[in-house]
Amino acid sequence: MRLSRYFLPILRENPKEAEIVSHRLMLRAGMIKQEAAGIYAWLPLGLRVLNKVNAIIREEQNRSGALEIMMPTVQSADLWRESGRYEDYGKEMLRIKDRHERDMLYGPTNEEMVTDIFRSNVRSYKDLPLNLYHIQWKFRDEVRPRFGVMRSREFLMKDAYSFDLDYAGAKHSYNKMFVAYLRTFARLGVKAIPMVADTGPIGGDLSHEFLILASTGESEVFCHKDYLGFTPPAADVDFDDVAGLQGIVDKWTSLYAATSEKHDAAAFEALPADAKVSARGIEIGHIFYFGTKYSAPMKATVNGPDGKDVPVHMGSYGIGPSRVVAALIEAGHDEAGIIWPDAVAPFQVGIANLKVGDGTTDAACAKIYKALTAAGIDVLYDDRDERPGAKFATMDLIGLPNQVIVGPKGLAEGKVELKNRRTGARDLVSVDDCLVRLTGREP
RNA sequence: CGGGGCAUAGCGCAGUCUGGUAGCGCGAUAGUUUUGGGAACUAUAGGUCGCAGGUUCGAAUCCUGCUGCCCCGACCA
């Protein structure tokens, strides 16, 4: 992508409403635009990141055996009356009437609807286990939305729902998502720690929150330091291996980890002094097992091996990709701007042409741009007629992990500068060496 | 939902007390000179002063009502 043809409305000054760093940087980098309280439009740069986050989540959900569907944002109130939540959910639910005066709502979550899909189509225990998920916009009419997309009213959520014959099966489904989440967050470039959680209005008695540590987090967390050094499950983990998955979950729940709501001060104090981590955290995932809470009232039953109908055991599993984007910034930034993990960076490489109009630099940039693009790498080529300082500032602000700086000084020696955003390291290399290092292959 | 603020150009703000016909910085656009960490000069564009009513010869400014947004707390993915 040539920056001169891109839509990147960068702000030099901080918008006054943005208090926390991720909100500030997302606005300054032209990733989002607020349209109403807690409601945001995603601009090209922001959408790129959001889509990359979604892609990783999707791959790991699919790997675990979950099946992607797409449920609507607008739902009929009738389903929610069946579960009893139409009254219980309160003012956080955005209620709508259609032209026929029918009660509708903008979905805050999808347990009822997915349960309806299930009961309409599944009759036998032989069709279990089943896990259906989608990535869809939700609306929760927060009393006080804040922190940009971190706590917005409209937000994107990946929500998965598992269906099993009994508790043992449901526990395995729960473990699959637990492991999938560990892999997902590791691939997103963050250390997420599972913590015992309250189940809140969703209900149920088995639940974990996944939190990443960040000084601006809304939650107060306490955990054992060793979690930060744990190795996430490998890509070839066998999701059908019941004992194997349980082993992974056991390991990741063996040490102390809790948010303030579930904090056990005595247990935490018993940890060795050098193992205690007391910090702030951001919740980026939450998984629940809630048994027959919805399947029983909504009559989502299957015929068991003994020929009797039983309500299925369910769980739900959520990740907020839009919040994840903000959380990644909270966890990765410096004075100059965002530092993206490679996996979700909007562009892997930025090319800064320091002297647009100079034949030599233009040609070198064009060669690099063409070669990287041909290698399937997302490249942002800053071909604007701007001074070098402005280009450096832009690249750093939007956080491109690898920056190729092409100017007359370096080219006089046949070299370009390869800069790593995270470490700040700069290497003077030939154009060919630069391409080898960025593409991992010989020209 | 309690408490406190704010609303004037794309962004940040002054002007409001004391009514007199719209201003600053940054940004944008064009040109020139520049060019290795957010350049200088010149020119240009851009605002029904949140909305509606009222007072007045005259309202960004005073009065009334409304709306939107932000912050703190409680609540929450």
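Protein chains get the first letters and strands the later ones, always in sequence-line order, with residue 1 at the start of each. For clarity, every value in this text was computed on a predicted model and none was experimentally measured. Only heavy atoms go into these numbers, but all of them, side chains included; no hydrogens, no water, no symmetry mates.
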If you check every side-chain atom of A:F392, which of B:rC70, B:rA77, B:rG37 has the closest atom?
-> B:rG37
Can you tell me how far P in B:rG50 sits from the matching atom in B:rA60, rounded to whole Å?
-> 10 Å
Does NZ or CZ of A:K191 lie under 6.0 Å from the centre of the six-membered ring of A:F185, at an angle within 45° of the ring axis?
-> no
Do A:D159 and A:Y161 meet the criterion of a side-chain donor-acceptor pair at a distance under 3.5 Å?
-> yes
Which part of the nucleic acid does A:K419 contact within heavy-atom distance under 4.0 Å: base, sugar-phosphate only, or nothing?
-> base
Answer with base, sugar-phosphate or nothing: what part of the nucleic acid does A:A336 contact at a heavy-atom distance below 4.0 Å?
-> nothing
Closest nucleotide among B:rG12, B:rG36, B:rG73 to the A:E417 side chain = B:rG36
Evaluate whether the aromatic ring of A:F155 and the six-membered ring of the B:rA77 base sit under 5.5 Å apart, centre to centre, with an inclination under 30°.
-> yes
Considering only atom P, compute the distance from B:rG65 to B:rG27 and round it to an integer number of Å.
-> 42 Å
In whole Å, what separates the C1' atom of B:rC1 from that of B:rU18?
-> 40 Å
Nearest nucleotide by nearest heavy atom, which residue falls closer to the 5' end of RNA chain B, A:K355 or A:E19?
-> A:K355
With a 4.0 Å cut-off on heavy atoms, is A:S322 in touch with a base, just the backbone sugar-phosphate, or nothing at all?
-> nothing
Cation-pi check, A:R2 to A:Y381: give yes when NZ or CZ is under 6.0 Å from the six-membered ring centre and within 45° of the ring axis, no otherwise.
-> no
Hey, does A:I319 reach any base, or is it just sugar-phosphate, or nothing, if we go heavy atoms under 4.0 Å?
-> nothing
In whole angstrom, give me the gap between the C1' atoms of B:rC57 and B:rC24.
-> 31 Å
Under 4.0 angstrom, heavy atoms only, what part of the nucleic acid is A:E142 near: base, sugar-phosphate, or nothing?
-> base
Spacing of the C1' atoms in B:rC63 and B:rU56 (rounded, Å) | 12 Å
Have a look at A:D396 and say if it touches a base, only the backbone sugar-phosphate, or nothing, with a 4.0 Å heavy-atom cut-off.
-> base
Sorted by first residue and then second, give each ring-ring contact (aromatic ring centres under 6.0 Å, His included) pair with at least one member in residues 46-73 of chain A; sequence neighbours left out.
-> none
Answer with base, sugar-phosphate or nothing: what part of the nucleic acid does A:G407 contact at a heavy-atom distance below 4.0 Å?
-> base
Nearest whole angstrom, please: distance from the C1' of B:rA77 to the CG of A:N110.
-> 14 Å
Carboxylate-amine/guanidinium proximity below 4.0 Å for A:D342 and A:R422 = no
Answer with base, sugar-phosphate or nothing: what part of the nucleic acid does A:E13 contact at a heavy-atom distance below 4.0 Å?
-> base
Under 4.0 Å between any heavy atoms, over every strand shown, what does A:G410 touch: base, sugar-phosphate, or nothing? Just pick one.
-> base
Here the distance between atom P of B:rU35 and atom CZ of A:R384, to the nearest Å, is 19 Å
Given RNA chain B, 5'-ward residue of the pair A:E209 and A:L428, judged by closest heavy atom | A:L428
Using atom P of each nucleotide, how far apart are B:rU48 and B:rG36 to the nearest Å?
-> 41 Å
Which letter, B, S or -, goes with each nucleotide of nucleotides 27-32 of chain B from 5' to 3', with contact meaning a protein heavy atom under 4.0 Å?
-> S-----
State which residues pass ring-ring contact (aromatic ring centres under 6.0 Å, His included) with A:F347; sequence neighbours excluded, sorted by chain then number.
-> A:Y6
How far, in whole Å, is B:rU34 from B:rA40 if one measures between their C1' atoms?
-> 8 Å
Is any NZ, NE, NH1 or NH2 atom of the basic residue among A:D396 and A:K419 found under 4.0 Å from an Asp or Glu carboxylate oxygen of the other?
-> yes
Enclosure of A:K97 NZ (heavy-atom neighbours >12, cutoff 6.0 Å) | yes
Sugar-phosphate only, base, or nothing, as touched by A:K91 at under 4.0 Å among non-hydrogen atoms = sugar-phosphate
State whether the distance check finds a donor on one side and an acceptor on the other, under 3.5 Å, for side chain A:R28 versus base B:rG38.
-> yes
Exactly one candidate in A:V349, A:I339, A:L380 meets side-chain contact (heavy atoms from CB on, under 4.5 Å) with A:L400; the answer is A:L380
